[in-house]
**Q** 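Here's a structure for you.
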Amino acid sequence: MSVVKPTTDRIRSALLALYRSIVFPTAESMRRWALAAIVVNVGITVTGAAVRVTGSGLGCPTWPRCTPGSFVPARIDTHAPVNMAIEFGNRLLSFLVLAVAAACVVAAWRLGRGERGRPVLLRLALLQPAGVVVQALWGGLVVHSMLNPVTVSVHFLFSIGMTAAAVVLYARASEGDAPGQRLVHKDIRTLGYVLVAAAFTLLLAGVVVTGTGPHSGDEAASRFGFDIQSVVRLHTDVAYLVVGLTFALLFALHVTDSPGRARRAALVLLGVELSQGVVGYVQYFLAVPAALVLLHVLGATLVWICALRVVFLMRTRGPVPASAAERPELHHAAV
């Protein structure tokens, strides 16, 4: 009993803290929920790649049911149980993404009430559940199109879009609502935007390589009709461009004595890109092993997040306004 009770108390305290972070949010708890949205969106992107590299893309051959007549996996002769379990597990993760999205919306709504509310956070938070619905419906199209590479590619890009929306929510929850002011020269800020565009182009080139390569998700899936060597070279060239732009940005930030947080963010981005490049080359020379594909997808999402983060750190909107939960004078007035 002496061991069980402290454990129960800790669980109860954790659940209470979770409840308060949603119903009585602060700027800090809003940032944490935005960060959670980033994490779960990256997680379901990587697990989606796991579905593909394990050949489980049609493990649940129907949608919205998993198998004909059943929303959960039921034994059928045409699909292995392990493939069904992997695909169904990825579908279940959508509910975790939805739960975090709902928490973001409620927290943003509660934080946005009152005279000093921040409606911009609610508008950004609403993109998360909307994205989950779009992703779910598009997932049905992916299944019914027998993993057509176009639909699979768009499915991935929707996840990238939701991740970007979560990054924007995190950034806006970390700053005030004053008009934006540049912290760097305008040309450096422009270079940051060009870098983000190049990073997105790199993602587009990556999905073309994926849709042409060996991991289709199922033997019945079609592939792009491109030459794999040509699309890999294109992808590599764009990667070199992104690294070059990042190095140029880092150099410009350094010589202009820009804010340290922007320089550090650019340095982190460069480190992630170089690591991603190492993974990409090893993956290529080892004939694209499944484990490295997952690592490469994770790296791609991290490059995207870090590129967006650099841009936001090159401007300021003032300090975060205090919420009702963080202003003790309101509590005293209420008493």
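All values below come from the heavy atoms of this structure, side chains included, with hydrogens, waters and symmetry mates left out.
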**Q** If I compare all heavy atoms of Arg189 with all of Val311, which pair ends up nearest, and what's the gap?
**A**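 Looks like NE-O, 3.7 Å.
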**Q** Heavy-atom count around Phe200 CZ within 6.0 Å, excluding the residue itself: above 12?
**A**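 It does not: Phe200 CZ has 12 such atoms or fewer within range.
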**Q** Are Ser56 and Asn83 linked by a side-chain donor-acceptor pair shorter than 3.5 Å?
**A**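 Asn83 and Ser56 do have a side-chain donor-acceptor pair below 3.5 Å.
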**Q** Under a 4.5 Å cut-off applied to non-hydrogen side-chain atoms, are Met146 and Leu58 in contact?
**A**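 The answer is yes, as the side chains (C-beta and beyond) meet within the 4.5 Å cut-off.
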**Q** Let's go through Arg52 and Leu147 carefully: what are the C-alpha distance in whole Å and the side-chain angles of both, what is the deciding distance for side-chain contact (heavy atoms from CB on, under 4.5 Å) to 0.1 Å, and is it a yes or a no?
**A** CA-CA 9 Å; Arg52 179 169 50 81; Leu147 306 185; over 6 Å; no
**Q** What is the distance from atom CG of Leu203 to atom CD1 of Ile160, rounded to the nearest 0.5 Å?
**A**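 Result: 5.0 Å between the selected atoms.
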**Q** Hey, are the side chains of Val208 and His235 touching, using non-hydrogen atoms and a 4.5 Å cut-off?
**A**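 They are not in side-chain contact.
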**Q** So do the side chains of Leu121 and Arg172 get within less than 4.5 Å of each other, counting heavy atoms only?
**A**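 Side-chain contact under 4.5 Å: yes.
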**Q** So, using ring-ring contact (aromatic ring centres under 6.0 Å, His included) as the criterion, who are the partners of Phe156 when residues are at least two apart?
**A**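 With sequence neighbours excluded, Phe156 shows a ring-ring contact (aromatic ring centres under 6.0 Å, His included) to no residue whatsoever.
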**Q** If you compare all heavy atoms of Ile188 against all heavy atoms of Ala252, which two are closest, and at what distance to 0.1 Å?
**A**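 Nearest pair, atom of Ile188 first, then Ala252: CD1-O, 3.8 Å.
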**Q** Which residue pairs pass the side chain to side chain donor-acceptor pair (under 3.5 Å) test with at least one member in residues 291-304, sequence neighbours excluded?
**A**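 Residue pairs passing side chain to side chain donor-acceptor pair (under 3.5 Å), neighbours aside: Gln276-His296.
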**Q** For Leu122, which fellow cluster members are found when Ile, Leu, Val, Met, Phe, Trp and Tyr are connected by side-chain heavy-atom distances below 4.5 angstrom, either directly or through intermediates?
**A**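 So far as hydrophobic clustering goes, Leu122 is joined with Val105, Trp109, Leu126.
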**Q** Should Val40 and Leu93 be regarded as members of a common hydrophobic cluster, given that ILVMFWY residues are connected when their side-chain heavy atoms come within less than 4.5 Å of each other, either directly or indirectly?
**A**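 Yes, because Val40 and Leu93 connect within a single hydrophobic cluster, where side-chain heavy atoms sit under 4.5 Å apart.
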**Q** So if you build clusters from Ile, Leu, Val, Met, Phe, Trp, Tyr with side-chain heavy-atom gaps below 4.5 Å, do Val133 and Trp63 land together?
**A**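 Linked, Val133 and Trp63 end up in one cluster.
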**Q** Check Ser222 against Pro149 and note the closest heavy-atom contact, atom names and distance.
**A**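 That closest heavy-atom pairing would be OG-CD, 3.2 Å.
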**Q** Search all heavy atoms of Met314 against all heavy atoms of Ala262 and return the closest pair with its distance.
**A**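 Heavy atoms of Met314 and Ala262 come nearest at CG-CB, 4.2 Å.
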**Q** With ILVMFWY side chains joined below 4.5 Å, transitively, what does Val51's cluster contain besides itself?
**A**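 The other cluster members (ILVMFWY side chains, heavy atoms under 4.5 Å, direct or chained) are Val82, Ile86.
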**Q** May I have the step-by-step check of side-chain contact (heavy atoms from CB on, under 4.5 Å) for Thr210 and Val297, ending in yes or no?
**A** CA-CA 10 Å; Thr210 297; Val297 171; over 6 Å; no
**Q** Please set out all donor-acceptor pairs under 3.5 angstrom arising from side-chain atoms of residues 237-246, sequence neighbours excluded.
**A**
residue : atom : partner : partner atom : Å
Tyr240  : OH   : Tyr281  : OH           : 2.6
Thr246  : OG1  : Val242  : O            : 2.8
Thr246  : OG1  : Glu273  : OE1          : 3.0
Thr246  : OG1  : Glu273  : OE2          : 2.8

**Q** When rounded to the nearest 0.5 angstrom, what distance separates CG in Asn41 from CG in Leu96?
**A**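 It is 10.0 Å, given to the nearest 0.5 Å.
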**Q** Over all heavy atoms of both residues, which pair between Leu269 and Ala307 is shortest? Give the atoms and the distance, please.
**A**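 Closest heavy-atom pair between Leu269 and Ala307: CD1-N, 3.8 Å.
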**Q** Indicate yes or no for a side-chain donor-acceptor contact from Arg182 to the backbone of Val184 under 3.5 Å, with no hydrogens or angles considered.
**A**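 Yes: the side chain of Arg182 pairs with the backbone of Val184.
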**Q** Rounded to the nearest 0.5 Å, how far apart are CG of Leu267 and NE2 of His254?
**A**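 Those atoms lie 11.0 Å apart.
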**Q** Less than 4.5 Å apart, side chain to side chain, heavy atoms only: is that true for Gln181 and Arg317?
**A**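 A side-chain contact is absent here, since even the closest heavy-atom pair is not under 4.5 Å.
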**Q** Suppose clustering is done on Ile, Leu, Val, Met, Phe, Trp and Tyr with side-chain heavy atoms closer than 4.5 Å. Which residues sit in the same group as Leu313?
**A**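 Its cluster mates, by chain and number: none.
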**Q** Does atom CZ of Phe224 have more than 12 heavy-atom neighbours from other groups under 6.0 Å away?
**A**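 More than 12 heavy atoms, drawn from other residues, nucleotides or ligands, come within 6.0 Å of this atom.
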**Q** Test side-chain contact (heavy atoms from CB on, under 4.5 Å) on Ser70 and Thr67 and set out the steps.
**A** CA-CA 5 Å; Ser70 176; Thr67 55; 3.5 Å; yes
**Q** Taking ILVMFWY side chains as joined if any heavy atoms are under 4.5 angstrom apart, and letting links pass through other members, which residues group with Val72?
**A**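 Listed partners: Phe88, Leu92, Phe95.
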**Q** With hydrophobic residues grouped by side-chain heavy-atom distances under 4.5 Å, do Ile22 and Ile11 end up in a single group?
**A**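 No; Ile11 is not reachable from Ile22 via cluster members.
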**Q** Looking at residues at least two apart in the chain, or sitting in another chain, which of them share a disulfide (SG to SG under 2.5 Å) with Cys66?
**A**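 For Cys66 the disulfide (SG to SG under 2.5 Å) partners, ignoring immediate neighbours, are Cys60.
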**Q** Tyr170 versus Phe312: any side-chain heavy-atom pair under 4.5 Å?
**A**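 No, every pair of side-chain atoms sits at 4.5 Å or beyond.
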**Q** Any chance the side chains of Ser230 and Asp227 put a donor and an acceptor closer than 3.5 Å?
**A**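 Ser230 vs Asp227: donor-acceptor pair found between side chains.
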**Q** Given side chains that start at C-beta, do those of Leu292 and Leu295 come closer than 4.5 Å, heavy atoms only?
**A**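 Yes; the side chains approach each other to less than 4.5 Å.
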**Q** Would you check, one step at a time, whether the test side-chain contact (heavy atoms from CB on, under 4.5 Å) holds for Val207 with Val152?
**A** CA-CA 9 Å; Val207 298; Val152 174; over 6 Å; no
**Q** So which heavy atom on Ala37 is nearest to which on Ala166, and how close?
**A**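 Shortest heavy-atom contact: CB-CB, 3.9 Å.
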**Q** Is any side-chain heavy atom of Pro25 closer than 4.5 Å to a side-chain heavy atom of Arg110?
**A**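 A side-chain contact under 4.5 Å exists here.
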**Q** Quick check: is Phe247 connected to Val272 through a chain of hydrophobic side chains (ILVMFWY, heavy atoms under 4.5 Å apart)?
**A**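 Different hydrophobic clusters.
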**Q** What is the distance from atom CD of Glu175 to atom OG1 of Thr316, rounded to the nearest 0.5 Å?
**A**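 Reported value, rounded in 0.5 Å steps: 6.5 Å.
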**Q** Could you give all pairs that pass the disulfide (SG to SG under 2.5 Å) test and reach residues 156-227, with sequence neighbours left out?
**A**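 Checked against disulfide (SG to SG under 2.5 Å) - neighbours excluded - no pair reaches residues 156-227.
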**Q** side-chain contact (heavy atoms from CB on, under 4.5 Å) with Met162: which of Leu127, Ile38, Val132?
**A**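 Of the listed residues Leu127, Ile38, Val132, the side-chain contact (heavy atoms from CB on, under 4.5 Å) partner of Met162 is Val132.
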**Q** Tell me, which pairs form a side chain to side chain donor-acceptor pair (under 3.5 Å) where one or both residues lie in residues 89-100, sequence neighbours left out?
**A**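 Non-adjacent pairs meeting side chain to side chain donor-acceptor pair (under 3.5 Å): Thr47-Asn90, Glu87-Arg91.
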**Q** Atom CZ of Arg233 and atom CD1 of Ile228: how far apart are they, to the nearest 0.5 Å?
**A**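 If we round to the nearest 0.5 Å, Arg233:CZ and Ile228:CD1 are 10.5 Å apart.
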**Q** Would you say Phe226 and Tyr284 are hydrophobically clustered, going by side-chain heavy atoms of ILVMFWY under 4.5 Å?
**A**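 Shared cluster, yes.
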**Q** Quick check for you: to the nearest 0.5 Å, what is the distance between Met30 atom CE and Leu35 atom CG?
**A**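 The CE atom of Met30 sits 11.0 Å away from the CG atom of Leu35.
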**Q** Using side chain to side chain donor-acceptor pair (under 3.5 Å) as the criterion, list what pairs up with Thr256, not counting sequence neighbours.
**A**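 Partners of Thr256 under the side chain to side chain donor-acceptor pair (under 3.5 Å) test: Ser258.
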**Q** Can you confirm whether more than 12 heavy atoms, excluding those of His144, are under 6.0 Å from its NE2 atom?
**A**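 Buried by this count: over 12 neighbours within 6.0 Å.
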**Q** Please report, to 0.1 Å, the donor-acceptor pairs under 3.5 Å made by any side chain of residues 134-143, with sequence neighbours excluded.
**A**
residue : atom : partner : partner atom : Å
Gln135  : OE1  : His155  : ND1          : 2.8
Gln135  : NE2  : His155  : O            : 3.2
Gln135  : NE2  : Ser159  : OG           : 2.6
Trp138  : NE1  : Thr151  : O            : 2.9

**Q** Do Pro81 and Pro73 make a side-chain contact, defined as non-hydrogen atoms from C-beta onward lying under 4.5 Å apart?
**A**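 A side-chain contact under 4.5 Å is absent here.
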